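Notes for the one structure printed next.
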Amino acid sequence: MDESITHEQATSEDAPVSPEAHQGSAGGDPNGGPATEQAVLDALKHVVDPELGINIVDLGLVYDVDISESGAIHIEYTLTTMGCPIGPLIEQQMQSFLEGVPGVASVEAEMVLRPPWTPEMMSEEAKASLGYF
């Protein structure tokens, strides 16, 4: 029986995933085809805001994902507050979780402050988890 972890298993919302579970070359799996926005967003759902305990996608912090034909990923994201010190941690986690996504050659994360984040940007699940109605 093959006990290796597939990408689909590694990104399942049911199983916590460490960056070590995303094994592969630093540029992703060249045989996996081009990276997709859904695969990138699935990987980013494992990047959790340490203060709130909610992933950055459901928090509404990921504003844009751009994927070039060469597999270069550009992510525009924001933080919940302008002075929030977790930006470098978030970017490090993005790199870690995206390095094993098939088709990803490089990752550039750009923090933007416009538009400013508001709680209304959260998914319904995140709002419910934080008691925001």
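All values derive from a computational prediction rather than experimental measurement.
- Remark: Arg114 CZ to Glu76 CD distance equals 14.0 Å, nearest 0.5 Å.
- Closest approach of Ile56 to Leu44, counting heavy atoms only: CG1-O, 3.7 Å.
- A donor-acceptor pair under 3.5 Å is formed between the side chain of Gln95 and the backbone N or O of Val107.
- Considering only heavy atoms from C-beta on, Asp49 stays 4.5 Å or farther from Asn55 through its side chain.
- Side-chain contact between Tyr132 and Glu120 is present, with at least one heavy-atom pair separated by less than 4.5 Å.
- Taking OG of Ser106 as the reference point, atom CD of Glu99 lies at 12.5 Å (rounded to 0.5 Å).
- Side chains of Val47 and Ile90 form a contact here, defined as non-hydrogen atoms less than 4.5 Å apart.
- Nearest heavy-atom pair, Ile67 versus Ala35, reported as atom, atom and distance to 0.1 Å: CD1-O, 3.8 Å.
- With hydrogens and angles disregarded, a donor-acceptor distance shorter than 3.5 Å links the side chain of Thr78 to the backbone of Val112.
- The two residues Val48 and Gly53 have their closest heavy-atom pair at CG1-C, 3.5 Å.
- A donor-acceptor contact shorter than 3.5 Å links the side chain of Tyr63 to the backbone of Pro115.
- When every heavy atom of Cys84 is checked against every heavy atom of Leu79, the shortest pair comes out as O-CD1, 3.5 Å.
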**Working for side chain to side chain donor-acceptor pair (under 3.5 Å), residues Glu125 and Ser123** = CA-CA 5 Å; Glu125 294 82 13; Ser123 70; 3.3 Å; yes
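- Annotation for Met94 and Ala109: closest pair SD-CB, 3.7 Å, computed over non-hydrogen atoms.
- Of the inter-residue distances, the one linking Ile86 atom CD1 with Met111 atom CE reads 10.5 Å to the nearest 0.5 angstrom.
- Within the 4.5 Å cutoff, the side chain of Met122 has heavy atoms near those of the Leu130 side chain.
- The minimum heavy-atom distance between Pro50 and Leu89, with the atom names listed, is CG-CD2, 3.8 Å.
- Within 6.0 Å of CD in Glu108 there are more than 12 heavy atoms belonging to other residues, nucleotides or ligands.
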**Prompt:** Could you walk me through whether Ile75 and Glu110 pass the side chain to side chain contact (heavy atoms under 4.5 Å, CB included) check?
**Reply:** CA-CA 6 Å; Ile75 300 165; Glu110 177 185 5; over 6 Å; no
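- Here the side chains of Ile73 and Asp66 are not in contact, with every heavy-atom distance at 4.5 Å or above.
- A donor-acceptor distance shorter than 3.5 angstrom exists from the side chain of Trp117 to the backbone of Leu59, with no hydrogens or angles considered.
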